[in-house]
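Numbering of ligands and ligand atoms starts at 1, following listing order.
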Amino acid sequence: MPGFEWFGEEERREVGEVLETGVLFRYGFDTQRRGRWKAQALERALCERLGAPHCHVVCSGTAALQTALAACGIGAGDEVIVPPFTFVATIESVILAGAVPVFAEIDETLCLDPESVRERITERTRAVLVVHMCGAMARIDALQALCETRGLTLIEDTAQALGASFRGQALGTFGAMGCYSFDPVKTITAAEGGAVVTGDAALYHRAEQFADHGHDHLGGPDRGADGHPIMGTNFRISELHAAVGLAQLRKLDRILDTQRRHKAALKAAFAESGDLAFRHLPDPEGDSATFLTVLAPDLEAARELQRALAESGCGPAFLWYDNNWHYLRRWDHIRALRLPMRPALGLLSPPPDLERVETPRSDAVMQRAVSLPVALSWDAAELERRARAIRAILGV
Ligand SMILES: *Cc1c(COP(=O)(O)O)cnc(C)c1O
């Protein structure tokens with residue numbers, strides 16, 4: 001699955017270049033750094049790879065989400081429509097912005113169902129935060145059209161889907177802003193890191209300012225000469241992390257090719273069973289193939305399949321319904337708004353009650369979904385072993 005499997009000489013060389021100069025900061029130190037600007041190089045490379053006009057790299061995917069929400073002006077009391085199946089960071093970011101997460105249903109794409117999003121729109125809705133889960137796309141064309149007609153800001157959490165596309169266009173470039181993560185289990189890693197992309201120059205400038213205490217970065221080599229049109233915070237990436245990300249990004253296309261080959265082999269083994277279906281992919285060509293997700297007939301069958309896969313050495317397989325990181329059902333701490341301080345949305349009257357939120361149609365999908373991570377390190381023999389084990393489990 002992730003880039004950490006392919007960590008080598010290329011990463012060491014990039015990091016070595018930074019260590020030689022000793023300039024670990026992404027701004028300034030123009031003479032000492034001897035022309036080495038890793039964060040800027042990573043931003044240019046991401047723009048080129050994704051076909052995005054602007055990119056700003058930050059210290060994590062979570063920081064990317066918070067930066068995007070801030071740059072888009074989403075704040076206290078605004079409603080943001082989100083899916084119940086994501087990583088907790090998506091929801092944390094909305095709550096820390098003081099905004100209200102409003103959960104819509106997912107469908108067999110494992111991503112937001114545009115019809116359900118439409119039903120959740122109120123006069124306080126400001127944004128839809130779509131998450132492209134497990135390497136592949138939501139029904140992004142329908143969500144984009146809906147947001148356009150209703151005057152809502154579309155933000156894409158593409159943390160799990162770098163390199164995936166819909167009809168040839170990179171995921172993350174459909175909304176006002178797209179967010180990526182380079183944490184250790186993502187498609188490429190920088191140890192920690194993230195990025196926002198946008199086609200809107202004004203949003204880009206607000207993002208780069210917000211992520212660096214409001215600096216306008218117009219002072220040249222003298223950081224003290226920068227103006228501060230807004231206040232912000234510190235979500236900066238270091239040159240060391242950006243250097244790793246740069247080396248990893250150069251491997252992205254090879255990573256995607258390998259994942260797609262490995263996934264196709266696993267999928268072929270499953271395809272022989274009439275009992276199982278696959279996750280719906282609105283554009284199978286654009287799948288980044290980090291996971292193969294099968295849909296069992298019901299929860300009992302899904303648990304049985306998960307257990308059998310683990311026993312046959314094909315695990316870990318994830319049954320998201322039972323998972324306490326990725327699905328709303330088990331997010332007790334978020335439902336209770338258990339923060340160390342009082343969140344801004346607690347001041348709303350009435351305050352939103354996340355304990356009572358139910359997503360029955362999403363439950364029905366999650367109860368059936370079993371996902372297998374696709375590894376880069378499998379060789380032909382290992383792939384064949386896995387295919388044989390899967391056929392044995394299915395009795396075909
Ligand atoms: C990983 C992830 C994030 C957060 O990224 P970090 O770099 O770990 O902060 C956000 N959303 C989703 C869907 C993720 O999978």
Side-chain angles (χ1 to χ4, degrees), residues 1-4 39 42 46 55-70 74 80-97 99 101 103-104 106 109-112 127-138 140 143 154-164 171-172 174-175 177-197 207 211 233-238 240-242 244-245 248-249 279 287-291 293 318 320 323-328 330-331 334 362 366 369 371 373-374:
M1 174 170 72
F4 75 75
L42 179 55
L46 281 165
C55 173
H56 184 67
V57 170
V58 291
C59 59
S60 72
T62 307
L65 286 165
Q66 291 186 250
T67 300
L69 288 163
I74 311 299
V80 179
I81 298 178
V82 293
F85 179 44
T86 178
F87 176 57
V88 287
T90 317
I91 314 305
E92 290 167 348
S93 302
V94 171
I95 292 173
L96 288 173
F103 291 92
I106 59 161
T109 62
L110 305 188
C111 301
L112 280 174
V128 175
L129 178 41
V130 61
V131 186
H132 301 289
M133 277 304 276
C134 303
M137 71 291 301
I140 193 64
L143 290 165
L154 177 63
I155 299 175
E156 295 174 80
D157 181 339
T158 324
Q160 297 194 8
L162 176 70
L171 299 187
F174 287 82
M177 284 198 130
C179 306
Y180 300 87
S181 161
F182 312 125
D183 85 18
V185 293
K186 296 307 198 293
T187 307
I188 66 168
T189 184
E192 298 285 357
V196 292
V197 298
T233 186
N234 176 6
F235 286 153
R236 291 185 308 256
I237 194 166
S238 81
L240 290 171
H241 292 85
V244 178
Q248 289 259 306
L249 183 58
R279 164 193 187 174
D287 180 14
S288 73
T290 53
F291 282 93
T293 300
F318 300 106
W320 303 115
N323 182 287
N324 72 1
W325 276 115
H326 287 287
Y327 189 53
L328 170 69
R330 302 279 307 275
W331 291 336
I334 291 181
S362 306
M366 289 284 94
S371 296
V374 175

Taking only heavy atoms of [X], which atoms of ligand 1 are found under 4.0 Å from at least one of them?
X     : answer
Ser60 : 7 (O), 9 (O)
Thr86 : 13 (C)
Thr90 : 11 (N)

Heavy-atom distances under 4.0 Å decide this one: backbone, side chain, both or neither, for Val131 against ligand 1?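 Val131 to ligand 1: side-chain contact only, backbone stays beyond 4.0 Å.
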Classify the contact between Ala159 and ligand 1 as side chain, backbone, both or neither, using a heavy-atom distance cut-off of under 4.0 Å.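 Side chain only.
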Could you tell me the separation between the [atom1] atom of [X] and the [atom2] atom of [Y], rounded to the nearest 0.5 Å?
X      : Y      : atom1 : atom2 : result
Tyr180 : Thr187 : OH    : OG1   : 11.0 Å
Phe182 : Leu162 : CZ    : CG    : 6.0 Å
Met366 : Leu328 : CE    : CG    : 11.5 Å
Arg330 : Asn323 : CZ    : CG    : 8.0 Å

Nearest protein heavy atom with distance in Å, relative to [atom]:
atom                    : answer
atom 8 (O) of ligand 1  : Asp183 OD2, 2.7 Å
atom 11 (N) of ligand 1 : Asp157 OD2, 2.8 Å
atom 15 (O) of ligand 1 : Gln160 NE2, 2.9 Å
atom 4 (C) of ligand 1  : Thr62 OG1, 3.5 Å

Would you say Gln248's side chain and Thr189's backbone share a donor-acceptor pair under 3.5 angstrom?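 A pair under 3.5 Å: yes.
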What class does the angle between the rings of Trp320 and Phe291 fall in, given that below 30° is parallel, 30 to 60° is tilted and above 60° is perpendicular?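 Geometry flag for Phe291 against Trp320: perpendicular rings.
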Any atom of ligand 1 sitting under 4.0 Å from a heavy atom of Lys186?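 Contact present.
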Residue that, paired with Thr90, satisfies side chain to side chain contact (heavy atoms under 4.5 Å, CB included) out of Val131, Val80, Val130: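 With Thr90 as partner, Val131, Val80, Val130 yield a single side chain to side chain contact (heavy atoms under 4.5 Å, CB included), made by Val131.
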